[in-house]
Amino acid sequence: MTQQGRLGKRLGRILLLIPYAIRNPGVTVDELCERFDVARDEILRDLDLVFMCGLPGYGPGDLIDVAIEEDRVYIEMADYFSAPLRLTPAEGLTLYSGAAALAALPGMEQADALRRALGKLGAALGQEGPGEVAVEIERGPAGHLETIEDALRRQRRIRLEYLSSTTGELGEREIDPWGLVTALGRWYLVAYDHSVGDERMFRSDRIKSAVVGKEAADRPKGFDPERYRGAFVGDSGQVMTMDISPDAARWFTDYYPVRSDRELRGGWHRIELMAGGERWAATLLLRLGRDVRNVKPESFMHAATELAQRVNSVYG
Amino acid sequence: MPGATATVGYSRLMARIERLINLVAALLETPRPLTADEIRERIHGYGDEPTSEAFRRAFERDKQELREMGVPIETVATDPFADQADGYIIPKGRYYLPEMELAPDEVAALRIAAESVLGGGDQASSGLLKLSMDAALTPSPGPRLVWGADVAANEPMLASMFAAVTASRVVRFGYVDAHGEGSSRTIEPYRLVHKRGHWYVVGRDIAREDVRSFKLSRIHADVEILPERFRIPDSFDPSSYLGGEAWEIGEETSTASIRFFPPMQWWPEQNMPQAEISENPDGTVEVRTPVANLDALVSWALGFGEAVEIMEPEDAGRRLLAHIEPFLGARR
């Protein structure tokens, strides 16, 4: 982290630590560590620093009073810091849109509390009426989501009928569910797929059926949904390069996780990305139509040609 | 010796934080705005600056740092006859978080939301800390449902657009449309919408006299908030800008008839609740639904490969074949 970033982060924390200790007299150092997610010696150094601060004059009656007695923290003489700084737009919007996204999901247990919280948060952010900010998650099959949530809560295995984006075929999978992720307005199930012996992401609308099994399911310790941002884990791992037109370049990177992007003469772009299998690549190429050329490896171009012929025969 | 440098860096960091806390405390408690000279003389930490130029630089950096954190430092005239704003103060009403009276289950729900946000987790957790000052730390019972919501709230234009929407103020910005054409737009921003992973502002384009949606990632210059206010007309229907597939938004309105072949015949039943769905004797499924953008329909249909056929409008079928033509020619 840069010096600047460290400064802002630490100052922000101390400006929250003071009101928290004022409002909760006798809070333990351990609880402060847990709440602010920092090590004990960091918190103690923060408190040491607060002890040096106060109002002009900086005499005994002007300095903030910090006492630690038997591991309990007391901060006094700083009424002007007894309420925290208001939310920044980024904090408010991140929380608001996260809560709105969850509230929009079918079968969300906390939907009612989320909606009430959204009303209050919106008002605090200066919103006059309800719903000036809307977050829409594609609904997808609600029944499946409830089944999956149930399996996640009870940590049970799930049997899925799933339409593979890699092969375009419907198949049965036996999976240990790890968590759910939304990306590009859809929800995905992150899971360990026993049939391939690896983790996979399953897109909601491709799930034909989901049944909770009796077997216990494992979830790795410290499972972090952050890793699945953009929803492209567990792919074939094959790199694909291609040139896309200036028109396509304007939207392409908004929707596909591009590994590199270089502008060529004439405004075309050379794109490199991880392909999710041959079928996936073929579909992408057909969608691009005349906006793509110079595709590598050759096998993806073959797959696209074959798919185009099958599509063509449907209309024949 | 890197260790020594780190220690010097650390104590300088802490000294600056101390000075910033003293500055915030003084500007919050002062009954009247303080001039820069008064700040230099009175506030602990500034007296060490050797020259007034050094002080000026340090004070500028500090103000900027605090403003970036959201601390509202205001510049006002210290006396009514002064011709320039020479005093500094932090108005308490703009500094403190208003009491929100969140119920325990509301705080718990927001905690789940904060933990679910992907990218922007720091913002979500510091926001949550502010909102849960008086709430107990309750560990979540049993195995928790893990959700990750990618709401892209770190979009750079989002905060200023949000401010304009909530204040009902007209905005002006530079915009590049889907065809790459750049222009300056002045709109009445009615609503912010996060749809299919992207943020849009829906509002009335004043010059074009029409309500449109603008993708925030296509706004390429700062959003300028203008003094004019507006009212959202009663006839505005936000639901027509929400949800749906890309082919539902546009001007080429007609009815599409789409056929699904096995193994995809189950798909519409689960995923197209609004559509009219019927099963054919041969096991295929036919879907009728309003459509408004034929190119988007073609792109969507291609996603299903040979498992979907657009029967109507015929023009869409023709466009689909023309679209994949380069791949058919490649075999020849």
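Side chains are part of it too, since the values below use all heavy atoms of this structure and drop only hydrogens, waters and symmetry mates. Every chain is numbered from 1 and lettered A, B, ... according to where its sequence line falls, protein lines coming before strand lines.
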For chain B, the option from Ser313(A), Ser82(A), Gly289(A) that forms the most heavy-atom pairs under 4.5 Å: Gly289(A)
Inter-residue atom distance Lys9(A).NZ - Ile17(B).CD1, 0.5 Å rounding: 12.5 Å
Separation of Gln110(A) CD from Ile112(B) CD1 (nearest 0.5 Å): 3.5 Å
Trp267(B) side chain to Lys208(A) backbone, donor-acceptor under 3.5 Å: no
Ser217(B), part contacting chain A, at a heavy-atom distance under 4.5 Å: side chain
Any Tyr80(A) side-chain heavy atom under 4.5 Å of Val24(B) side chain: no
Interface residue of largest heavy-atom contact number with chain B, from Gly92(A), Gly168(A), Gly12(A), Gly54(A), under 4.5 Å: Gly54(A)
Ion pair Lys120(A)/Glu101(B), N-O distance below 4.0 Å: no
Portion of His44(B) that has a non-hydrogen atom of chain A nearer than 4.5 angstrom: both
SB check Glu306(B) Arg279(A) (cutoff 4.0 Å): yes
Between Arg45(A) and Tyr10(B): side-chain donor-acceptor atoms closer than 3.5 Å: yes
Pro72(B) versus chain A, the contacting section by heavy-atom distance below 4.5 Å: side chain
Side chain to side chain, Gln123(B) and Thr88(A), heavy atoms closer than 4.5 Å: yes
Member of Met301(A), Gln309(A), Arg290(A), Glu306(A) meeting the side-chain contact (heavy atoms from CB on, under 4.5 Å) criterion with Phe327(B): Met301(A)
Minimum side-chain heavy-atom gap Tyr96(B)-Arg86(A) below 4.5 Å: no
Heavy-atom side-chain contact between Pro84(A) and Met133(B) under 4.5 Å: yes
